[in-house]
*Asks:* 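First the structure, which I've put down as structure tokens, then a few questions once you've had a look.
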Amino acid sequence: MHSVNQNEHIINRKKVLYEQRYSVRRLAKDLNLSPIAVSQAIRGMTNSLKTHRAIATKLNVRLVDFWPELYGEPTTTTTTTQGGDIRVG
């Protein structure tokens, strides 16, 4: 089961496809990939950089914008203690 953040990323990827008038099947055909491979990439079920690059290039988006959970900046949290802040990355 996907977390809320993962679901948001999937929805955002599907929005980009919709806005650019692409179905998974059409995008797969244009990229000479199987519809299953494209669907798995859109749903975050594969880490294939080659597939991700092909999709991002075709859609004219950056990897970090389309798959922020994979290619985004690492998140850091700050925890406050009696001695001050501790940065955890």
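Heads up: numbering here begins at 1 and tracks the sequence. As a basis for the values below, the full set of heavy atoms in this structure was taken, side chains included, without hydrogen atoms, waters or symmetry mates.
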*Asks:* Who are the side-chain hydrogen bond (donor to acceptor under 3.5 Å, both in side chains) partners of Ser39, not counting sequence neighbours?
*Replies:*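 Only Arg43 meet the side-chain hydrogen bond (donor to acceptor under 3.5 Å, both in side chains) criterion with Ser39.
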
*Asks:* May I have all residue pairs that pass salt bridge (charged side-chain N to carboxylate O under 4.0 Å, His left out) and include part of residues 58-72, sequence neighbours excluded?
*Replies:*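 Qualifying pairs: Arg13-Glu69, Arg62-Asp65.
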
*Asks:* Measure the OG1-CG distance between Thr51 and Leu33 for me, rounded to the nearest 0.5 Å.
*Replies:*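 Spacing of OG1 (Thr51) from CG (Leu33) equals 5.5 Å.
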
*Asks:* May I ask whether Leu70 and Leu59 are part of the same hydrophobic cluster, defined by side-chain heavy atoms of I, L, V, M, F, W, Y residues being less than 4.5 angstrom apart, directly or through others?
*Replies:*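 Yes, same cluster.
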
*Asks:* Taking CG in Asn5 as the centre, count heavy atoms belonging to other residues, nucleotides or ligands within less than 6.0 Å. Is the count above 12?
*Replies:*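 Enclosed.
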
*Asks:* If I take atom CG from residue Asn12 and atom CG from residue Asn7, how far apart are they, to the nearest 0.5 angstrom?
*Replies:*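 It comes to 11.0 Å.
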
*Asks:* Suppose we screen for side-chain contact (heavy atoms from CB on, under 4.5 Å). Which residues come up paired with Leu63, at least two apart in sequence or across chains?
*Replies:*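 In terms of side-chain contact (heavy atoms from CB on, under 4.5 Å), with neighbours along the sequence ignored, Leu63 is linked to Leu49, His52, Arg53, Ala56, Trp67, Tyr71.
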
*Asks:* Kindly write out the residues that satisfy side-chain hydrogen bond (donor to acceptor under 3.5 Å, both in side chains) with His9, not counting sequence neighbours, or none if the list is empty.
*Replies:*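 Once residues adjacent in sequence are excluded, His9 has no partner under the side-chain hydrogen bond (donor to acceptor under 3.5 Å, both in side chains) criterion.
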
*Asks:* Residues in side-chain hydrogen bond (donor to acceptor under 3.5 Å, both in side chains) with Thr57, at least two apart?
*Replies:*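 Residues passing side-chain hydrogen bond (donor to acceptor under 3.5 Å, both in side chains) with Thr57: none at all.
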
*Asks:* Taking only distance into account, with no hydrogens and no angle test, what donor-acceptor pairs under 3.5 Å do side-chain atoms of residues 23-31 form with protein atoms, sequence neighbours excluded?
*Replies:*
{"residue": "Ser23", "atom": "OG", "partner": "Arg26", "partner atom": "N", "Å": "2.9"}
{"residue": "Arg26", "atom": "NH1", "partner": "Arg21", "partner atom": "O", "Å": "2.6"}
{"residue": "Asp30", "atom": "OD2", "partner": "Tyr22", "partner atom": "OH", "Å": "3.4"}

